[in-house]
Visitor: 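For reference, the structure I am asking about is given below.
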Amino acid sequence: MLYIKCPYCGLRAQKEFSYGGDATVKRPNINEEVSSEDWDNFVYMRKSPRGKHIELWQHIAGCRQWIKVQRDTATHEIFQTAKVTEEIR
Amino acid sequence: MSQSFRLNKEGLINRNKKISFTFNGKKLFGYEGDTIASALIANGIHLVGRSFKYHRPRGFFGAGVEEPNAKLQVEFNGHSEPNVNATEMELVEGLSATSQNCWPSVNFDIGAINNFLKMFFPAGFYYKTFMWPKSFWYKIYEPFIRKAAGLGVASIEKDKERYEHKFEYCDLLVTGSGPSGLASAYAAAKNGAKVILAEDKPRFGGTLLTDDVSIDNLSGKDWAEKIITELKSMPNVTVKNRSQVFGYYDHNMLVMFERVSDHLEKKSKFTPRQRLWYIRAKETILSTGSIERPIVFGNNDTPGIFLSAAAKEYMKVYGVLVGKKPLIFTNNDSAYETALEFKKNNVEPIILDTREEHSSELIDEAKSKGIDIRFSHGVIVANGYKKVKSAKIGKLNKDKNSFEKIETIECDCICVSGFWTPSVHLASQSGNKLKYEEKIDAFIPDKKKQHETSVGAANGSFTLEESLKHGFENGSNLSAKITETKTEITIPNVNEKKYGAHDKFWCMPLPKNENPKRFVDFQNDVSVSDIEIALREGYRSIEHVKRYTTLGMATDQGRTSNLNGLQLVSNVENKIVPEVGHTTFRPPFTPITIGTIVGREVGMEYMPTRKTPMHEWHEKNNAVFVDAGAWKRPRYYKLGSETLFEASKREAKNVRENVGICDVTTLGKIDIKGPDAAEFLNRVYTNAWMKLPVGKARYGLMLREDGIVMDDGTTTRISENHYHMTTTTAQAANVLSHLEYYLQIVWPELNVNVVSTTEQWAGAAIAGPKSRDMLSKLYPDLDVSNDALPFMGYKEAEFFGVPSRIFRISFSGELAYEINVKSDHGMFMWEKMMEVGKDFGNQPYGTEALSTLRIEMGHVAGPELDGRTIPSDVSLNGLVSKKKDFIGKNSLGREAFNVESRQKIVGLIPIDRKSSIPEGSHIVQDQNAKLPNPKLGHVSSSCWSVENNNPFSLAIMKDGKNMIGKKFFAVSPLKNKSIEVEVISSHYVDPEGKRVRS
Ligand SMILES: [Zn+2]
């Protein structure tokens, strides 16, 4: 079971979180034209990297904040966690 | 039977407490502190089971977790448990053990014929033989395998025992209380670290209990006792015996299995039987020790053949002799300690040492005690079927592959030692890639992936001095990093015997024309020839050899067979062991009970039960409940001997004719506040929200980004910047996370807050033509006329003195209202409604009537919004704004969403107006068509229309709107039904929606 450091609450067990997918995907702006290709890329296309990956988790059984987690998908090592408004290098 | 193999004095058992038990029906005695194994051996019983494949007689081989054979069916404390390791289970009064995998009895087992047919059971036998013909599988092969295979019998009784889970955090977890574990725990404890020390066995000390050593002038056992006593007195230390750390998971999460009360005769009601510990450790010391490995020889599975260290443990811990005429067969010095122990107890052993004549401290001591030592010797084959009677031994030539001399000598047990294998399971589970250490011919931990450090024998250090030193150093350094305190500890003086080098010798050769079975894996009956066959047939990867031969795949996970298997493969393949590699170690290290994994999450505690504030009233009034997620909702209220069908029809009819009330508390409720709330809703929902006035509700539809309908519900503008959203019961949690996602990540610039208020409000729907009359009685001071409170209107008013919210919304399609009060007032509201409603023919209605009402109105719900439908599929395209952007809008233009033939919602009625259409039925053109019969759609929801008094269903059907008026078949192979149906509009009742506005 992973041990995830919520930037608001501290280290908590994976049980308290829910996984939310790739954090590097950016939704096209609302009320702006978007090409079908860009839209399809946003909705459907995801990379499944082996190694470092920045993903979203929500602390559903805690502060309910969505957070960023940089994790190795092969070893599960977590390098960094951050608020969604912060950048992960 | 008397305990004729019990020594007079030796051992750590309590001779003052006799314990009676039975084995295969025979009444026997042992002492408190015995295991089933030690008590049986004391009684001279060695034959305890039959082997898995060949049903060969099997006895004990080890004295603990390494035991591959002695798995028994054990009844105690009122339950029966299969596959209990006889070498681990402690004796309790009244325990009854029986042999497994034998019929009719362990002494005469019909399955043993497999032993004589063994040429037909080589490696891969099951794979090769049972492949074809295919039709034989079900009738012949599978029943045969099922009967022949398998170990014990699982109980079909409900497990009455209590199991617990515990979550714990510590600075240092130490797994194993041998010398290195004790030293680590002690050093860390002295540094002020929070320490957990786990020991699998009932007694602490590991090899200190059996080795002839001294530490600071104390015997090993006394030193262990001193350290444990001190650790137990420290508030920062938790010391646990009978506790096996069996799994090493991500981020230093280790899982431990504690046998809390299996060894107790009486226990209090709330004492759990076993406990599962989830331990998050900052650092872990793996002091799991090592397991002796056997040397492979002919018939090496005969009862009476033991690991040499096990024989020593039986003497020193249990005061039991495994035999009175022992043969010690070894390639190293450690077995000499076993020989010396026999000698001490006046038993004359003979040592067969595969090494050439040489000298070492232990050899010299054995010589001086007059023990018969035969160098360059080994056991070729053990004789005796149910117990060792003699052994054919051979003097090896220099090539160690042929014999100078062969003779047969009498013996009643053989104690074998092929050197030691570090227990690296936990290290390997943690992600540590192991490395091969040639000095000890075994794998030891290499670079760590997690915070683990192996010490002592688990790390390949086989001397006490080194183990203690590593233990103290690592315990101290690892904990000092955490506590930032370092207490100096003097490493104690040690007195131990020096071992000479071991012989790299694993498998006795066979003389010409002799071909006895030589087992590598006892539990799965894998022999040398099986591995040779696998290699001959082209299996190269050790993982493939493992699966083909089943080597190391039994419950003992190859603890005694692993390295010998690897040595064999490397010999045949002419490779060195590290090139062959090792198979993966997986948790659990030892079998654990399902009860422990489940813990307290059984029955009522399986998941939380959510009850509405009116639950007790429903219960008192004969409600039959249905699960809606964790919620309990009344499905119908049973009057007299009514069936579900009759009751729901009555309740629905009453809503159409008079008025009914329904508990709608379970609907998801989300409070939305902030100056940008309207803009947010406008983006979340497909329809327009900017102009909704205060005091009005609106039905809304929300999509996922891929255009699929996510949920629907009404949202009401309570005040300028305050909205009350409702969601379906099922989607409440998902919708909240969805809203939070957009507010926190996508549009953080919007000034809006959302919070779930589902449990803050109790809700009741009042529906039916008489609902306004009833409402006016509930709110005598309020104008509830159609003008003052129109459809989709909202008002706040006092409900007999308590604040309430009135929404004029309808799910039933009738004139209807929903009243919300604070949860604490829910019961009050409900009872008042029942009291006031009497004059209007009010009756409560459950979810079944609610479904009927919405289905015949053509209102969609979960079965239609099933994660595959877009708004136009379910006739909700009127709610999709063309003017504004919203979540999922861009996806609605996709080609597949706009083809003519796309499935659309329709209504279905049976041609005979009588036959109910099962939900899930497929719609086909021709009920007799050849399979696969093209499917045109499926029935999503069915009811008995109370308005028209015949069955009615909603269906999602290809090109649905153009099918109206046509006839098809609804077929349900599950219910063996085929019903001719006509397609009609999905709005069966009041298609213009006049009633809700009346
Ligand atoms: Zn948090």
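Letters go in sequence order (proteins before strands), and every chain restarts at 1.
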Visitor: Calculate, to the nearest 0.5 Å, the distance between atoms CG and CG belonging to A:D40 and B:D706 respectively.
Guide: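 A:D40 CG to B:D706 CG: 11.0 Å, rounded to 0.5 Å.
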Visitor: For atom CE of A:M45, is the number of surrounding heavy atoms from other residues, nucleotides or ligands below 6.0 Å larger than 12?
Guide: no
Visitor: What is the distance from atom CZ of A:R27 to atom CG of B:N890, rounded to the nearest 0.5 Å?
Guide: 7.0 Å
Visitor: By ring-ring contact (aromatic ring centres under 6.0 Å, His included), which residues pair with B:W277, not counting sequence neighbours?
Guide: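 For B:W277, no residue satisfies ring-ring contact (aromatic ring centres under 6.0 Å, His included) once neighbours in sequence are set aside.
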Visitor: Non-hydrogen atoms of chain B under 4.5 Å away: do they reach the side chain of A:W39, the backbone, both or neither?
Guide: side chain
Visitor: What's the shortest heavy-atom distance between B:D885 and A:E32, and which atoms?
Guide: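 Heavy atoms of B:D885 and A:E32 come nearest at OD2-N, 4.4 Å.
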Visitor: Considering residues, nucleotides and ligands other than B:H451, do more than 12 of their heavy atoms fall under 6.0 Å from its NE2?
Guide: no
Visitor: Check whether any side-chain heavy atom of B:Y741 sits under 4.5 Å from a side-chain heavy atom of A:L56, and report yes or no.
Guide: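 Yes. Closest side-chain heavy atoms under 4.5 Å.
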Visitor: Chain A: which of B:R894, B:K889, B:Q450 shares the most heavy-atom pairs with it under 4.5 Å?
Guide: B:R894
Visitor: Minimum heavy-atom separation for B:D250 and A:T75, please, with both atom names.
Guide: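 The pair with the smallest heavy-atom distance is OD1-O, 4.0 Å.
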Visitor: For A:Y44, does the OH atom sit with more than 12 other heavy atoms under 6.0 Å from it, leaving out its own atoms?
Guide: yes
Visitor: With a 6.0 Å cut-off (strictly less than), is the heavy-atom count around NZ of B:K884, excluding the residue itself, greater than 12?
Guide: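 Yes, NZ of B:K884 has more than 12 neighbouring heavy atoms, counting only those of other groups under 6.0 Å.
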Visitor: So which of B:S737, B:G893, B:P748 has the largest heavy-atom pair count under 4.5 angstrom toward chain A?
Guide: B:S737
Visitor: Chain B contacts: which residues in residues 9-26 of chain A have a non-hydrogen atom closer than 4.5 Å to it?
Guide: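 Within residues 9-26 of chain A, the residues that come under 4.5 Å of chain B (heavy atoms only) are A:A13, A:K15.
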Visitor: Would you mind telling me which of B:R280, B:R683, B:K449 has the largest number of heavy-atom pairs within less than 4.5 Å of chain A?
Guide: B:R280
Visitor: Does any N or O in the side chain of A:Q65 come within less than 3.5 Å of the main-chain N or O of B:Q744, such that one atom is a donor and the other an acceptor?
Guide: no
Visitor: Considering residues, nucleotides and ligands other than B:E749, do more than 12 of their heavy atoms fall under 6.0 Å from its CD?
Guide: yes
Visitor: Which answer fits B:L736, side chain, backbone, both or neither, if we ask what part of it has an atom under 4.5 Å from a heavy atom of chain A?
Guide: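 It is both, since atoms from each part get that close.
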Visitor: Assess whether side chain to side chain contact (heavy atoms under 4.5 Å, CB included) is satisfied between B:M253 and A:Y3, documenting all intermediate values.
Guide: CA-CA 8 Å; B:M253 159 73 81; A:Y3 207 24; over 6 Å; no
Visitor: With a 4.5 angstrom heavy-atom cut-off, which part of B:F167 approaches chain A: side chain, backbone, both or neither?
Guide: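 Looking at B:F167, just its side chain touches chain A.
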Visitor: If every non-hydrogen atom of A:E77 is compared with every non-hydrogen atom of B:H251, which pair is closest and at what distance?
Guide: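 What the structure gives for the nearest pair is CA-NE2, 4.1 Å.
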Visitor: Taking all non-hydrogen atoms of both residues, which atom of A:M1 and which atom of B:Y249 are closest, and how far apart?
Guide: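 The pair with the smallest heavy-atom distance is N-CB, 3.9 Å.
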